[in-house]
J.: 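First the structure, then my questions, so here it is.
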Amino acid sequence: QVQLVESGGGLVQAGGSLRLSCAVSGRTFTALAVGWFRQAPGKEREFVAAISGSGDMTTYADSVKDRFTISRDNSKNTAYLQILSLKPEDTAVYYCNAGYFYNRNYRPSYWGQGTQVTVSS
């Protein structure tokens, strides 16, 4: 069974930065693409970014591509989401997930519990 554990969330002032981490276990890490979604209060969960198993392909939501960077360290079975210039509207629960790409479309199959990111103005 694939397990994902997020960390790195917290309370940050607007303009600051954060790096979220996602430790993955239970399956060969390089066989899995990893993605991040977020859910803000009162809103639906939305896609943020995803990265292929080898790390050579990434995809981002248009709304975040200028400030968010997804990466992975396959030697540590861990993926990351670097967020720069945080805005109050980035406040959300951020969920790590693992899945597969189908023609550059990412489909998550396994989910973590989420980590809260709160940005104060």
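Computed from a prediction, not measured in an experiment: that's the story for all the values here.
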J.: Quick one: does any side-chain atom of Thr78 pair with a main-chain N or O of Lys76 as donor and acceptor, under 3.5 Å?
T.: yes
J.: Do Arg19 and Tyr80 meet the cation-pi criteria used here (NZ or CZ under 6.0 Å from the six-membered ring centre, within 45° of the axis)?
T.: yes
J.: Minimum heavy-atom separation for Leu18 and Gly8, please, with both atom names.
T.: CD2-O, 3.5 Å
J.: Would you kindly confirm whether Val93 and Val117 end up in one hydrophobic cluster when ILVMFWY residues are joined by side chain heavy atoms under 4.5 Å apart?
T.: no
J.: Would you call Tyr60 and Val48 a side-chain contact if the rule is heavy atoms closer than 4.5 Å?
T.: no
J.: Would you say Asp73's side chain and Ser75's backbone share a donor-acceptor pair under 3.5 angstrom?
T.: yes
J.: For Tyr95 and Trp111, take the angle between the two ring planes, folded into 0 to 90°, and tell me which bin it lands in: parallel under 30, tilted 30 to 60, perpendicular over 60.
T.: perpendicular
J.: Hey, could you give me the CD1/OG1 distance between Ile83 and Thr69, rounded to the nearest 0.5 Å?
T.: 10.0 Å
J.: Could you tell me whether the side chain of Thr118 reaches within less than 4.5 Å of the side chain of Val12, counting heavy atoms only?
T.: no
J.: Supply the atom-to-atom distance Arg67 CZ to Ser85 OG, rounded to the nearest 0.5 angstrom.
T.: 6.5 Å
J.: Do the side chain of Thr58 and the main chain of Ile51 share a donor and acceptor less than 3.5 angstrom apart?
T.: no
J.: Ignoring hydrogens and angles, state whether a donor on the side chain of Arg72 or Asn74 is under 3.5 Å from an acceptor on the partner side chain.
T.: yes
J.: So do Gln82 and Ser17 actually touch side chain to side chain, heavy atoms under 4.5 Å?
T.: yes
J.: Under the criterion side-chain hydrogen bond (donor to acceptor under 3.5 Å, both in side chains), which of Arg38, Gln39, Glu6 is the partner of Tyr94?
T.: Arg38
J.: Measure the spacing between CG of Leu20 and SG of Cys96 and express it to the nearest 0.5 Å.
T.: 9.5 Å
J.: For the OG atom of Ser121 and the CD atom of Glu89, what is their distance to the nearest 0.5 Å?
T.: 10.0 Å
J.: What's the separation between atom CG in Leu32 and atom CZ in Phe101, rounded to the nearest 0.5 Å?
T.: 12.0 Å
J.: Does any non-hydrogen side-chain atom of Tyr110 lie less than 4.5 Å from one of Gln3?
T.: no
J.: Assess, by modelled atom type and distance only, whether the side chains of Asn97 and Tyr106 contain a donor and an acceptor separated by less than 3.5 Å.
T.: yes
J.: Would you call the rings of Phe37 and Phe47 parallel, tilted or perpendicular, where under 30° means parallel and over 60° means perpendicular?
T.: perpendicular
J.: CD/Gln113 to CG/Leu4 distance, rounded to the nearest 0.5 angstrom?
T.: 9.5 Å
